[in-house]
Participant: 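Just passing along the structure, written as structure tokens.
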2 protein chains.
Amino acid sequence: MASRAKATILDIAREAGVSKSTVSLVLQGSGLIRPETAVKVRKAIEDVGYVYNRGAANLRKAHSNVIGMVINDLTNPFFAELAVGMERVFQAAGIVPFIANTAENPVRQEEVLKSLMEQGVAGLIVSPARGTTPGAFRRIEAAGVPIVFTMRRLPESRIPVIAPDNHRGAFIATEHLILKGHRRLAFFGGSSDLVVYQQRLGGFLEACETLGIPIADRTIVEGETSRKGGIACLETALAAPEPPTAALCFNDAVAFGVMLALRKRGLEAGTDFAVVGFDDVAEAEHYMPALTSVAVDTAGLGERAAHVMLKMIQSRTTRAKDHIGAVSLVVRESCGQSRNTRGAGMGDAA
Amino acid sequence: MASRAKATILDIAREAGVSKSTVSLVLQGSGLIRPETAVKVRKAIEDVGYVYNRGAANLRKAHSNVIGMVINDLTNPFFAELAVGMERVFQAAGIVPFIANTAENPVRQEEVLKSLMEQGVAGLIVSPARGTTPGAFRRIEAAGVPIVFTMRRLPESRIPVIAPDNHRGAFIATEHLILKGHRRLAFFGGSSDLVVYQQRLGGFLEACETLGIPIADRTIVEGETSRKGGIACLETALAAPEPPTAALCFNDAVAFGVMLALRKRGLEAGTDFAVVGFDDVAEAEHYMPALTSVAVDTAGLGERAAHVMLKMIQSRTTRAKDHIGAVSLVVRESCGQSRNTRGAGMGDAA
DNA sequence: TTGATTTATTGGAACGTTCCATTTATAGGC
DNA sequence: GCCTATAAATGGAACGTTCCAATAAATCAA
């Protein structure tokens with residue numbers, strides 16, 4: 001049982017009185033071996049406390065079933081939900097994805113990617129850190145390892161992206177606010193070096209444009225994409241002479257921050273100031289007041305990303321179509337009386 | 001650049017006009033090679049787009065600088081914070097830990113552990129899933145791979161544990177409530193199959209005992225360790241004829257749920273009902289009202305666990321002392337007027 | 001029986017590294 | 001100049017698996 005040196009396939013072979021090749025075949029579940037032999041071998045495997053050495057196997061096989069998931073902020077529950085979706089499909093495929101966190105740090109990201117590559121991953125699902133340099137993935141692409149980006153894309157890259165329809169999400173949310181009668185609107189949180197930010201802000205601006213909100217009545221406050229950032233955004237915005245009466249927030253974390261800051265001032269989200277979030281994390285529903293938010297089907301995006309990855313690996317390609325996920329506005333209490341409207345979404349896109 | 005078949009050490013050797021051994025030496029940063037040679041080799045490495053094959057190396061070396069982190073609920077921000085602490089120290093040691101999620105499912109945990117073992121991990125940091133069978137780690141122990149548990153322990157196991165002083169944390173929190181004048185107290189959330197639960201509940205009960213709260217005035221409601229669970233607990237408790245006026249919650253998530261449920265009933269945490277959380281996650285401070293909670297120095301525990309692991313690996317042992325982390329009560333607004341008291345903690349223990 | 005066919009099993013080479021024991025080059029001492 | 005000591009570079013075996021080609025055993029047709 002507590003054999004010191006770790007057992008190999010040869011130990012099993014000796015124990016079971018067969019050749020190493022036979023053991024290998026059994027290990028791979030080949031139908032070529034006689035059932036009784038298989039049983040004998042399996043018993044030996046148990047007896048010697050064998051653990052399969054995937055490194056050695058990969059050396060010969062040249063494709064590993066390891067998939068790396070590189071995430072820029074594990075602390076944001078959104079990414080945890082995304083990860084959960086992916087794991088569901090990988091689990092079904094008998095694959096254990098390894099998650100690594102870059103903490104929004106491109107240098108750390110470099111290390112993480114290097115390590116994953118050295119480990120011989122079959123594919124990489126990445127939400128790139130802010131400030132990732134354009135060439136960061138060139139080596140990996142050159143090595144022929146499939147990559148898919150989730151949620152975020154790099155400015156020029158040809159790597160497939162799985163993301164929600166940010167522009168449309170922001171558009172319908174803004175539209176909702178305007179139709180509720182708000183005329184002075186704000187966009188809170190995020191920073192312009194992110195492509196997502198530009199998309200969401202773009203949707204916001206287009207809605208303003210289309211529905212006749214003059215530029216002077218639009219407030220844009222960049223900030224951290226966290227509760228803290230949201231608090232700061234609201235403070236800044238309310239300090240203006242003609243403050244906004246409603247805000248679309250870059251994500252739910254920012255929205256939660258805004259609601260807290262409101263309450264600190266004795267104001268109530270929904271009645272005194274309308275706030276809409278983005279992502280619709282699980283918490284949004286249970287908040288008080290419940291947060292109106294753009295639902296992006298987080299887990300679904302995770303599943304989709306995993307499926308795309310699986311297909312890429314299987315078909316030995318490094319290309320795939322982008323997937324822009326449908327979004328919908330979930331109207332709750334944080335922007336006025338709670339009618340149960342649901343905005344429309346959309347399907348696949350280039 | 002885009003060389004199809006992946007480059008090996010021999011390709012580099014050819015390119016640089018040296019032997020594979022020399023390349024290997026350069027790769028390991030050996031001081032034995034002439035600096036100019038090293039430069040030449042490093043250039044060749046760049047040129048051919050080489051990626052190190054750690055699997056092959058481990059085959060020969062037999063120890064692998066990969067560390068696995070097995071977490072039972074990635075969705076709980078507490079674990080994300082824990083992970084962040086660990087990563088800090090691993091990063092400094094040039095190690096990239098791989099995180100895997102078990103989603104509180106022992107079967108999935110089994111798969112995850114198997115996969116990690118096959119990958120040849122040097123060590124495992126684990127927060128075991130609920131319902132883990134006592135023998136689940138025997139194989140791994142037998143293989144001589146160091147394990148440390150964080151936060152949770154298994155009933156009988158000899159595996160070292162890094163965890164906060166749950167008993168004391170619950171004790172000082174309960175004491176605080178009693179000194180505030182509360183006489184009917186509740187303990188909300190968690191379930192009795194967890195050792196942590198027993199420790200926290202134990203602290204609660206001891207405080208009640210010591211400070212003279214009769215059994216009839218103690219309410220214990222088990223439940224999910226989430227917001228949803230907290231909501232349910234409060235509903236149950238308030239339905240009683242003589243409902244409690246204060247509650248210690250199993251963790252902050254439960255506490256948040258309780259506060260939401262209070263608000264839904266038009267009650268305010270702090271004035272109408274006192275609530276104390278456990279873990280002191282980042283969010284506690286920014287909540288409204290700010291949550292009084294038992295701080296466990298989450299990131300610090302993570303760092304500690306990582307250090308212990310590193311030491312175990314280095315000294316080739318599979319044993320280590322438990323570490324029970326100091327706790328302190330951070331008094332905020334959720335249990336009455338906000339005096340800024342801090343309870344005392346404690347240091348190492350057996 | 002014999003040869004052909006199918007079914008099970010096996011030895012050996014290969015995968016990309018490390019590391020030991022050697023060899024070769026360089027320098028130092030006289 | 002030669003011998004020794006040191007520095008730098010090298011060839012080959014080994015690590016634990018897979019997979020191909022080959023062998024051995026069993027079955028069948030004639």
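Heavy atoms only: backbone and side chains are in, while hydrogens, waters and symmetry mates are out. Letters go in sequence order (proteins before strands), and every chain restarts at 1.
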Participant: Work out which heavy atom in B:Ala7 is nearest to a heavy atom in B:Tyr50; give both atom names and the distance.
Facilitator: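 Heavy-atom minimum between the residues: O-CD1, 3.4 Å.
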
Participant: Can you tell me how far C1' of C:dG12 sits from NZ of A:Lys20, to the nearest Å?
Facilitator: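 Distance, rounded to whole Å: 7 Å.
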
Participant: Check the distance between D:dT17's P and B:Asn58's CG and give it to me in whole angstrom.
Facilitator: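 Atom-to-atom, B:Asn58 to D:dT17, this comes out as 14 Å.
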
Participant: So do the side chains of A:Leu154 and A:Ile159 get within less than 4.5 Å of each other, counting heavy atoms only?
Facilitator: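 No - every pair of side-chain heavy atoms lies 4.5 Å or more apart.
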
Participant: Once you apply a heavy-atom cut-off of 4.0 Å, does B:Ser24 come out as touching a base, just sugar-phosphate, or nothing?
Facilitator: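 Touches a base.
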
Participant: Can you see if the side chain of A:Thr37 gets near the phosphate of C:dT9 - specifically, an N or O under 4.0 Å from OP1 or OP2?
Facilitator: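 Yes, because at least one side-chain N or O of A:Thr37 sits under 4.0 Å from OP1 or OP2 of C:dT9.
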
Participant: Considering all heavy atoms of both residues, which atom of A:Met117 and which atom of B:Val51 are nearest to each other, and what is their separation?
Facilitator: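 For A:Met117 and B:Val51, the tightest heavy-atom pair comes out as O-CG2, 4.0 Å.
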
Participant: Is there a donor-acceptor pair under 3.5 Å between the side chain of A:Thr102 and the backbone N or O of A:Ile71?
Facilitator: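 Checking the backbone N and O of A:Ile71 against the side chain of A:Thr102, a donor-acceptor pair under 3.5 Å is found.
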
Participant: Hey, which of these two, B:Gly55 or B:Gln28, hits DNA chain C nearer its 5' end, going by closest nucleotide?
Facilitator: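 The answer here is B:Gly55.
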
Participant: In whole Å, I'd like the distance from the CZ atom of A:Arg14 to the C1' atom of C:dT10.
Facilitator: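 Rounded to whole Å, this separation is 16 Å.
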
Participant: Return the value, rounded to whole Å, for the distance between atom NE2 of B:His63 and atom C1' of C:dT18.
Facilitator: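 Rounding to the nearest Å, NE2 of B:His63 and C1' of C:dT18 are 11 Å apart.
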
Participant: With DNA chain D as reference, determine whether B:Val18 or B:Ala56 sits nearer its 5' end, using the nearest nucleotide of each.
Facilitator: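 The residue closer to the strand's 5' end, by nearest nucleotide, is B:Val18.
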
Participant: Grab the CG-C1' distance between B:Leu10 and C:dT18 for me, whole Å please.
Facilitator: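 Nearest whole value for this atom pair: 13 Å.
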
Participant: With hydrogens left out and only the distance checked, is there a donor-acceptor pair under 3.5 Å joining B:Arg60's side chain and the base of C:dT18?
Facilitator: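 Side chain to base: pair found, below 3.5 Å.
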
Participant: Quick one: label B:Leu25 by what it contacts on the DNA or RNA (base, sugar-phosphate, nothing), any heavy atom closer than 4.0 Å.
Facilitator: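 Since a base atom lies under 4.0 Å of B:Leu25, the category is base.
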
Participant: Would you call B:Glu111 and B:Lys114 a salt bridge, using N to O less than 4.0 angstrom?
Facilitator: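 Between B:Lys114 and B:Glu111 there is no salt bridge, as every charged N stays at least 4.0 Å from the carboxylate O atoms.
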
Participant: Tell me which of A:Leu32 and B:Tyr52 sits closer to the 5' end of DNA chain C, going by the nucleotide each one is nearest to.
Facilitator: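 Nearest-nucleotide comparison on DNA chain C picks A:Leu32.
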
Participant: Could you check whether the side chain of A:Arg34 and the base of C:dA8 have a donor-acceptor pair of N or O atoms closer than 3.5 Å, going by distance alone?
Facilitator: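 Under the 3.5 Å cut-off, the side chain and the base do not form any donor-acceptor pair.
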
Participant: Separation of A:Leu59 atom CG from D:dT18 atom P, in whole Å?
Facilitator: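 Going from CG in A:Leu59 over to P in D:dT18 covers 11 Å.
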
Participant: Would you tell me if any nitrogen or oxygen in the side chain of A:Ser21 comes within less than 4.0 Å of OP1 or OP2 on C:dG11?
Facilitator: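 Answer is no, no contact under 4.0 Å.
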
Participant: Between P on C:dG16 and CD on A:Gln119, what's the gap in Å once rounded to a whole number?
Facilitator: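 Distance, rounded to whole Å: 17 Å.
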
Participant: Could you state the NZ-P distance from A:Lys61 to D:dC20, rounded to the nearest angstrom?
Facilitator: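 It works out to 13 Å between those atoms.
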
Participant: Can a donor-acceptor pair under 3.5 Å be found between the side-chain atoms of B:Ser19 and the base atoms of D:dG11?
Facilitator: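 No, the side chain and the base share no sub-3.5 Å donor-acceptor pair.
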
